[in-house]
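Inspection log for the structure reproduced underneath, given as structure tokens.
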Amino acid sequence: MAGGAAAVFQAVARLRHGRPLHPDGLVFDAALALHGASRPRGAAFLDEPADLRGVARLSRAAGLPPPLPDILGLALRWRTSAAPDGGTGEVTAELLLATTGHTLLGRRLLRPATRWSPGMYGSLLPYAAGGGHVLLGAVARWPGPPAGLAVLRRAAEAGPLRFDLVVASPLGPWERFGTLTLTGPARSDAAEPTRFDPVRNPIPGLPPTGLLQWARGPIYGASERVPDHDALP
């Protein structure tokens, strides 16, 4: 299954001269202010206070022109302690989120959107934590413009873009454990695309789990083997 999906994504990447999905987006500086969940979840990212810095990318999955609805993506990358107890040494951690619903059913389904905010960006797939599974998400709270890149750039110029970081067990309610703030200037990465791979760069203490998470690795690898702006044969 993973091999077949990887072949499809590689073919689409060649047709699109690079990314098979989320071809166009904007990159921002990102600040994660974590205060911890109300009850221990078994992972430092969810349980312990921390201030983290990194980058984020907002994008449209299919690249359809506004005002057509599209799956919107929020990709995050930051540096964090490699040790569960916050010891020395740092690693890169990444998280990919996309617009979903927030209900028990909706959190497992991608949801096309016409505005960047307000809205729910969910992990869709589970992560292992404390002997169980959790879903991660970010709830956009800022006044949202239509989901185009030009208006998104102008929104970032007007002020920070803020999200609530949330976590839930597969059948439990969402709980806030921190905030995410994106600041400009917004940068286009069309010339040098910013690539994310949460399989290679997992959050310490939150390994991806499940069959579909396992299939992500070959898919990302296949699309990355196609050079950006590769000419058609």
Side-chain angles (χ1 to χ4, degrees), residues 19 21-22 25-37 40-59 72-100 107 120-140 160-169 174-183 187 189 192-210 212-221 223-224:
R19 279 193 179 99
L21 290 174
H22 299 276
L26 291 175
V27 178
F28 304 83
D29 293 327
L32 294 81
L34 310 181
H35 55 67
R41 296 281 183 167
F45 181 68
L46 303 175
D47 298 339
E48 300 177 4
D51 290 311
L52 306 170
R53 296 291 183 272
V55 297
R57 186 177 191 266
L58 283 167
S59 58
L72 307 181
L74 171 61
L76 299 172
R77 174 186 297 143
W78 66 92
R79 296 287 291 175
T80 187
S81 171
D85 59 358
T88 59
E90 286 192 338
V91 296
T92 296
E94 296 181 349
L95 175 63
L96 297 185
L97 306 173
T99 46
T100 66
R107 66 183 63 174
M120 176 75 188
Y121 294 75
S123 63
L124 198 68
L125 302 177
Y127 291 80
H133 293 163
V134 296
L135 299 172
L136 304 177
V139 182
L161 312 180
R162 303 185 189 279
F163 300 76
D164 288 336
L165 294 172
V166 295
V167 60
S169 61
W174 291 104
E175 178 188 1
R176 183 172 175 266
F177 69 94
T179 60
L180 167 67
T181 303
L182 307 187
T183 54
R187 288 95 68 185
D189 63 346
E192 296 183 12
T194 308
R195 295 185 180 274
F196 297 81
D197 188 339
V199 176
R200 292 182 184 175
N201 300 308
I203 304 169
L206 279 171
T209 187
L212 292 178
Q213 287 276 30
W214 169 81
R216 270 182 166 183
I219 290 172
Y220 291 153
S223 62
E224 285 183 354

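All of these numbers come straight from a predicted model, not from anything done at the bench.
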Short side-chain to backbone donor-acceptor contact, [X] and [Y], under 3.5 Å:
{"X": "D47", "Y": "R41", "answer": "yes"}
{"X": "T100", "Y": "L124", "answer": "no"}
{"X": "S123", "Y": "L136", "answer": "yes"}

Kindly indicate whether the side chain of [X], heavy atoms from C-beta on, has any atom under 4.5 Å from the side chain of [Y].
{"X": "T80", "Y": "I203", "value": "no"}
{"X": "F196", "Y": "L76", "value": "no"}
{"X": "T92", "Y": "R77", "value": "yes"}

Subject >> Name of the residue among L161, T181, T183 meeting side-chain contact (heavy atoms from CB on, under 4.5 Å) with F28 >> reply: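 Exactly one candidate clears the test, L161.
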
Subject >> From L74, L26, L72, residue fulfilling side-chain contact (heavy atoms from CB on, under 4.5 Å) relative to L58 >> reply: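 With L58 as partner, L74, L26, L72 yield a single side-chain contact (heavy atoms from CB on, under 4.5 Å), made by L74.
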
Nearest heavy-atom neighbours spanning [X] and [Y]:
{"X": "L206", "Y": "A129", "result": "CD2-CB, 3.5 Å"}
{"X": "L182", "Y": "A56", "result": "CD2-CB, 3.5 Å"}
{"X": "R57", "Y": "D189", "result": "NE-OD2, 2.8 Å"}
{"X": "P208", "Y": "P198", "result": "CG-O, 4.1 Å"}
{"X": "A37", "Y": "F177", "result": "N-CB, 3.8 Å"}
{"X": "P204", "Y": "A93", "result": "CD-CB, 4.1 Å"}

Subject >> Derivation of the side chain to side chain contact (heavy atoms under 4.5 Å, CB included) call for T179 and D164 >> reply: CA-CA 5 Å; T179 60; D164 288 336; 4.0 Å; yes

**OP:** Measure the spacing between CZ of R176 and CG of L34 and express it to the nearest 0.5 Å.
**Re:**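 These two atoms lie 10.5 Å from each other.
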
**OP:** Please assess Y127 against L46 for the test side chain to side chain contact (heavy atoms under 4.5 Å, CB included), listing each intermediate value before the final yes or no.
**Re:** CA-CA 12 Å; Y127 291 80; L46 303 175; over 6 Å; no

Original post:
Are R187 and D29 ion-paired here, with the side-chain N under 4.0 Å from a carboxylate O?
Top reply: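 A salt bridge is present here (some side-chain N lies under 4.0 Å from a carboxylate O).
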
Subject >> Audit row: F45, W78, side chain to side chain contact (heavy atoms under 4.5 Å, CB included) steps and yes/no >> reply: CA-CA 12 Å; F45 181 68; W78 66 92; 3.5 Å; yes

Original post:
After noting the C-alpha distance and the side-chain angles of R200 and E94, does the key distance pass the side chain to side chain contact (heavy atoms under 4.5 Å, CB included) rule?
Top reply: CA-CA 9 Å; R200 292 182 184 175; E94 296 181 349; over 6 Å; no

